[in-house]
Amino acid sequence: MSDLYQRLRAFEGRPAAVSGQGSEPVNLSMIRHWCEVLGDTDPAYTGKDPVAPATMLQAWTMGGIEGPQSRSPAIDELFALLDGAGYTAVVATDCEQEYVRALRPGETITFDSVIESVSPRKTTRLGAGHFVTTRMEIRADHEPAGTHRFRILKYAPRKAVKERGERPRPVINRDNAGFWEGVAAHKLLFQRCDACGTSRFPWLPGCGGCGSPEWTAVEASGAGTVHSYVVMHHPPFPAFDPPYAVALVELAEGVRMISNITGVAADRVRIGMPVTLEFLRVAPDQELPVFRAVASEGGPPPTETDPRAEPPTGGGDRTELPPLTVPITRTLIIAGAIASRDFKDVHHDPEAARAAGSPDIFMNILTTNGLVGRYITDHLGPGAELRKVAIRLGAPNRPGDELVLTGTVTSLRGRTAEVAVVGANGLGRHVTGSVTVTLPEATA
Amino acid sequence: MSARRANSLGGRAAVVGIGATAFSKDSGRSELALAAEAVRAALADAGLTPADVDGMVTFTMDTSPEITVAQATGIGELSFFSRVHYGGGAACATVQQAALAVASGLAEVVVCYRAFNERSGRRFGAGVQRREPSAEGVALGWALPFGLLTPASWMAMAARRYLHAYGLEPEVFGHVAVTARRHAATNPAAHFHGRPITLADHAASRWIAEPLRLLDCCQETDGGQALVVTSVERARTLRHPPAVIAAAAQGAGRAQEQMTSFYRDDLTGLPEMGLVARQLWRTSGLGPGDIDVGVVYDHFTPFVLTQLEEFGFCPPGEGAAFVASGALPLNTHGGQLGEAYLHGMNGVAEAVRQLRGTAVNQVAGARHALVTAGTGVPTSGLILRADG
């Protein structure tokens, strides 16, 4: 065991926050702000006897722009030790909350927190560092209200982190320039032979069927299916974060093209999956035609039978929840951070984010937690009560991406359901987690 | 077309010399030095001198020009020099070019060679991110912005469709890898000498471009291989039994591309190799049952199955079961998965050794050997036979 790690471990069991106090009592303004940002319309948070969304639990304890007021000397020392060893950046990775009861406007928040564990040195995609786990007991009007276990990574940002590399440019010459002009005008154009009517792609200055040089550009409807696909793992390229999927899309008009599939994680792409055209800006002066997986009626994007997939378990209580798609705008990332009183610069300042090793700002864990909570109560509510939300973050939510939350009810006992949640973005899995929820009586 | 009847090239020329450098991960020498060493070795093996050579053939991808290799090896005037395009698809076609030159009298002794520092220099596996806007660059350019950038990825697109069409799992590709590594294990020249693998090893290896795993991909190699071709008559005067070129063929399919033939009707076959097969069977008068040893191009495992199917060794979709059955001695040197990745040229040399009776994993009494060249590209093939 390294000398540093021995010193780090000595902090286990020591307090992280002592007699902390929420800077505001539970209040309707912050609740409304939160619900507006996350798009949460659950009536439980408005009306006559409103409660706070359960996933706001941590937000009530946040220190605000000045940073936490109640931080213990021990956690300051621990962080100073890590900073001194070069692990200067911080990112939250796990959040596990148990809710004892709902919080109501006017209640005052107090809390204590303990350093539960410090991990050995781990190498991560962001850089090497140590995970620090804290456990916070939160009280409302001095009664137990919930437990909040939180894991962060204190890491050394990789040296010379560049902005994410640019994608390879399309290769354009006089034979195919018309296609790329079409893309710039948000049209997907293929060629049709004037002589024999054969459709063709890729673009060529003559017909493979009859040899005629005469042709007309035809705009594709944008509907297609995945004819084949590859999931790229190795080697790494600056513009791409593996694993990512590249598909051979067969358009409704019968021609095929290589593209990317959006709206599903790489491991959910399947042959036969219906897709629809959209345009993705990959550089200030470059858009690409890509294809979004089309959700079938009342279910997640079709998965076709995958021979590798586990067979559905018996008992019939595995129910898939319809997916929820959330565009990850810069506004959502920043507004979510503010609504959760998280003023860390990496959630609003691109330059600070780059200095910490990320190509752009990224969503904070509190917002993701809130979205997971909203996803569950949207589908199982109104009246559903969250008991526990445990999430782990993976690929970051950065501006311009899109989060697709999917959920599977893995068990149902009485009125208590366990739901496994996965949130995928264009980079891979943003969040995986499990939620315990008490269903309203009518549903159960 | 020629595929419908025998051509007149069969039986006119023979491979009489083979020579290679050591196969390594870092040769420490120039590609030109490797080419020259391989050429000298092949001439020595044939019992010929540089002065006997009047023709040279290589790949368009080779960085060592015929004239420069000639200079570096003491070869003088050349009356025939040629290069074949399309990467590994050129392997057997270099021998075809040599045979054409010999049969027509354009040259008498032709050396075919391929040498590169493909591991310590520019690695093909590192992928492509930029292409010039030539017709060739544009063809590949349709795939690049979307991140389909490596040979493995271009193969994987067809491999996924193949698995889907026949209801198979990626693990079936393991039979090819296990067979190659079994042979490499007993070949001292092979990189993977002494290191056989199991199907479980294959299934446990990491994904490269799903459905391809690490052990579905050939290694990368520094090295050189040369072959000497002359007339059958002269071959009979030389020191080794001739490996007669019973048939040689090239093939490009309709809507053919280099590595990205994604737009034609069916991704589960290799029509260009089907065309090669039809020509080879017609001209040689042989069929799958006559082949004693197969040297089937194996840069990536899936297309080994497709090739066996195109040649009619087994029905479509049954390539893996055929390989597992061991019915055809396959890639007895260890293939490019096990011996070395020399753009297929080391496979031609293995076929010659089998017909001479000098292979490390010798097939007893082998008289007919099939060799194929790179897949996913316009390609070529050979049937070599023992003389007499």
When rounded to the nearest 0.5 angstrom, what distance separates [atom1] in [X] from [atom2] in [Y]?
| X | Y | atom1 | atom2 | result |
| --- | --- | --- | --- | --- |
| B:Glu118 | B:Cys218 | CD | SG | 7.5 Å |
| B:Ile208 | A:His233 | CD1 | NE2 | 9.0 Å |
| A:Leu393 | A:Phe362 | CG | CZ | 9.5 Å |
| B:Ser27 | B:Asp222 | OG | CG | 4.5 Å |

Which region of [X], side chain (C-beta onward) or backbone (N, CA, C, O), has a non-hydrogen atom less than 4.5 Å from a non-hydrogen atom of chain A, or is it both or neither?
| X | answer |
| --- | --- |
| B:Ser134 | backbone |
| B:Arg130 | neither |
| B:Ala152 | neither |

* Does atom CZ of B:Arg264 have more than 12 heavy-atom neighbours from other groups under 6.0 Å away? ->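 Yes - once you tally the heavy atoms of other residues, nucleotides and ligands closer than 6.0 Å, there are more than 12.
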* Heavy-atom neighbours of A:Arg169 CZ exceed 12 at 6.0 Å -> yes
* Asked: Got B:Thr221 and B:Arg119 here, is their nearest side-chain heavy-atom distance under 4.5 Å?
  -> no
* To do: With the side chain counted from C-beta on, respond yes when A:Leu188 and A:Phe179 share a heavy-atom pair under 4.5 Å apart, and no when they do not.
  =>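 The answer is yes; the side chains approach within 4.5 Å.
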* Asked: Using 4.0 Å as the upper bound for N to carboxylate O, is an ion pair formed by B:Arg213 and B:Glu171?
  -> yes
* Asked: Is any NZ, NE, NH1 or NH2 atom of the basic residue among A:Asp241 and A:Arg398 found under 4.0 Å from an Asp or Glu carboxylate oxygen of the other?
  -> yes
Residue selection (most heavy-atom pairs with chain A, distance under 4.5 Å) from [options]:
| options | value |
| --- | --- |
| B:Arg206, B:Arg131, B:Arg254 | B:Arg206 |
| B:Ala156, B:Ala139, B:Gly127 | B:Ala156 |
| B:Ala209, B:Ala255, B:Gly147 | B:Gly147 |
| B:Glu132, B:Met157, B:Glu257, B:Gln129 | B:Met157 |

* Asked: chain B contacts: which residues in residues 199-207 of chain A have a non-hydrogen atom closer than 4.5 Å to it?
  ->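 So far as heavy atoms go, A:Phe201, A:Pro202, A:Trp203 are the residues that approach chain B to under 4.5 Å.
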* Residues of residues 280-291 of chain A near chain B, each having a heavy atom less than 4.5 Å away ->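 Heavy-atom contacts from residues 280-291 of chain A to chain B are A:Leu288, A:Pro289, A:Val290.
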* Measure the acute angle between the ring planes of B:Tyr341 and B:Phe116, then classify it against the limits of 30° and 60° as parallel, tilted or perpendicular. => parallel
* Option among B:Val304, B:Leu168, B:Thr301 that satisfies the side chain to side chain contact (heavy atoms under 4.5 Å, CB included) test with B:Phe173 ->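 Testing each of B:Val304, B:Leu168, B:Thr301 against B:Phe173, the sole residue satisfying side chain to side chain contact (heavy atoms under 4.5 Å, CB included) is B:Thr301.
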Against chain B, label [X] side chain, backbone, both or neither, depending on which of its atoms sit under 4.5 Å from a heavy atom there.
| X | value |
| --- | --- |
| A:Ala266 | neither |
| A:Ile172 | backbone |
| A:Asp175 | neither |

* Give the member of A:Ser228, A:Pro242, A:Pro170, A:Gly254 that has the highest number of heavy-atom pairs under 4.5 Å with chain B. =>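 Answer, by heavy-atom pair count under 4.5 Å with chain B: A:Ser228.
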* Would B:Arg181 count as a cation-pi partner of B:Phe192, with NZ or CZ less than 6.0 Å from the six-membered ring centre and within 45° of the ring normal? -> yes
* **Chi angles and distances behind the ring-ring contact (aromatic ring centres under 6.0 Å, His included) call for A:Phe279, A:His186** => CA-CA 7 Å; A:Phe279 292 88; A:His186 284 197; 4.4 Å; yes
* Asked: What are the two closest heavy atoms between B:Leu144 and B:Leu149, and how far apart are they?
  -> O-CD2, 3.4 Å
